[in-house]
Amino acid sequence: MHALQYDITLPADYDMGVIRDRVAAKGHLLDDFPGLGFKAYLVRERGLDGSPVNQYAPFYLWNTAEGMNSFLWGPGFQGLCDDFGRPAVRHWTVLGYEAGGAVDAEPKTAVRYRAPLPEGARTTDIAAGLLDEAAIVSCLDGAVGAVVAVDPRHWEAVTFSLWAHEEPAQRGEVFRVLHCSTPERDRLVQGRAW
């Protein structure tokens, strides 16, 4: 599995209603996209939930590299590039995914927590700790699911979680979920992804 996300940071006075309207009009286009476990259409608004910026930052969990590549090199992503410029796309190798007790609920919020991996730490120990973290987060009240992944170029870990309520008690950046496409969520590998 592969995780990816891009952040489009918008001006402080940007009308975020434009992003809401865009997602309302186009979000359903990925509801049946082959190879996509889920896409969470995320926003942060300056002054809300501790956000210093206005930002559109969708998060994707892909079942297949083919699906991910079909999206990145297809008309949907090109349309975003035409409207906002081509964003840098963060990409992580997924170590694990855990569905939460609220997996069937419509997510309202998401939390992204990124951290550098400690120098000198054994990769096996890092992986075990991250997998434990996903399992713990997925058991919390209101958890829709949790993903743990690593960017091995920068040795950065990301824990991404979706929540059925608006105030998750998790560390990290909080996003509002405008829509969640889940065409192949039921095919996501539970637990360790290798």
To the nearest 0.5 Å, what is the distance between [atom1] on [X] and [atom2] on [Y]?
X	Y	atom1	atom2	answer
Asp15	Asp21	CG	CG	8.0 Å
Arg192	Leu130	CZ	CG	13.5 Å
Leu80	Leu72	CG	CG	10.5 Å

#### Entry: Ion pair check, Arg90 and Asp7, cut-off under 4.0 Å
yes
Heavy-atom count around Glu167 CD within 6.0 Å, excluding the residue itself: above 12? no
- Considering residues, nucleotides and ligands other than Asp32, do more than 12 of their heavy atoms fall under 6.0 Å from its CG? no
Has the side chain of [X] got a donor or acceptor atom that lies under 3.5 Å from a matching backbone atom of [Y]?
X	Y	value
Asp151	Trp92	no
Ser181	Leu29	no
Gln5	Ala57	yes

Testing the basics here: between [X] and [Y], what is the closest heavy-atom pair and its distance to 0.1 Å?
X	Y	result
Leu95	Ala127	CD1-CA, 4.1 Å
Arg44	Pro52	NH1-CD, 4.1 Å
Leu30	Leu36	O-CD2, 3.8 Å
Asn54	Ala12	ND2-O, 3.1 Å
Leu42	Tyr56	O-CD1, 3.3 Å
Thr64	Gly67	OG1-N, 2.9 Å

Within one Ile-Leu-Val-Met-Phe-Trp-Tyr cluster: [X] and [Y], side-chain cutoff 4.5 Å:
X	Y	result
Leu162	Val111	no
Leu10	Val89	yes
Ile8	Val53	no
Val144	Met1	yes
Tyr6	Ile19	yes

Report task. Check the pair Met16 / Arg46 against side-chain contact (heavy atoms from CB on, under 4.5 Å), numbers first and verdict last. Result -> CA-CA 10 Å; Met16 293 301 284; Arg46 185 175 181 203; over 6 Å; no
Residue pairs passing the side chain to side chain donor-acceptor pair (under 3.5 Å) test with at least one member in residues 67-89, sequence neighbours excluded, are Arg22-Asp83, Gln78-Asp82
So the ring pair (Phe, Tyr, Trp, His ring centres under 6.0 Å) pairs with at least one residue in residues 10-42 (sequence neighbours excluded) are Phe33-Trp62, Tyr41-His179
The complete set of ring pair (Phe, Tyr, Trp, His ring centres under 6.0 Å) pairs with one or both residues in residues 140-170, sequence neighbours excluded, reads Phe59-Phe160, Trp163-His165
Given the options Arg187, Arg185, Glu184, His2, Asn63 meets side-chain hydrogen bond (donor to acceptor under 3.5 Å, both in side chains) only with Glu184
Those residues at least two apart in sequence (or on a different chain) that pass salt bridge (charged side-chain N to carboxylate O under 4.0 Å, His left out) with Arg176 are Asp49, Glu166
For Tyr113, the hydrophobic cluster (side chain heavy atoms closer than 4.5 Å, chained through members) also holds none
Please tabulate, for side-chain N and O atoms in residues 131-141, each donor-acceptor pair with protein atoms closer than 3.5 Å (sequence neighbours left out).
| from | atom 1 | to | atom 2 | distance (Å) |
| --- | --- | --- | --- | --- |
| Glu133 | OE2 | Thr159 | OG1 | 3.1 |
| Ser138 | OG | Ala134 | O | 3.3 |
| Ser138 | OG | Ala135 | O | 2.9 |

Only one of Phe84, Phe71, Tyr60 passes ring-ring contact (aromatic ring centres under 6.0 Å, His included) with Phe77, and that residue is Phe71
- Task: Take Ser51 and Glu173 through the side-chain contact (heavy atoms from CB on, under 4.5 Å) test and state the conclusion after the steps.
- Result: CA-CA 8 Å; Ser51 177; Glu173 298 159 297; over 6 Å; no
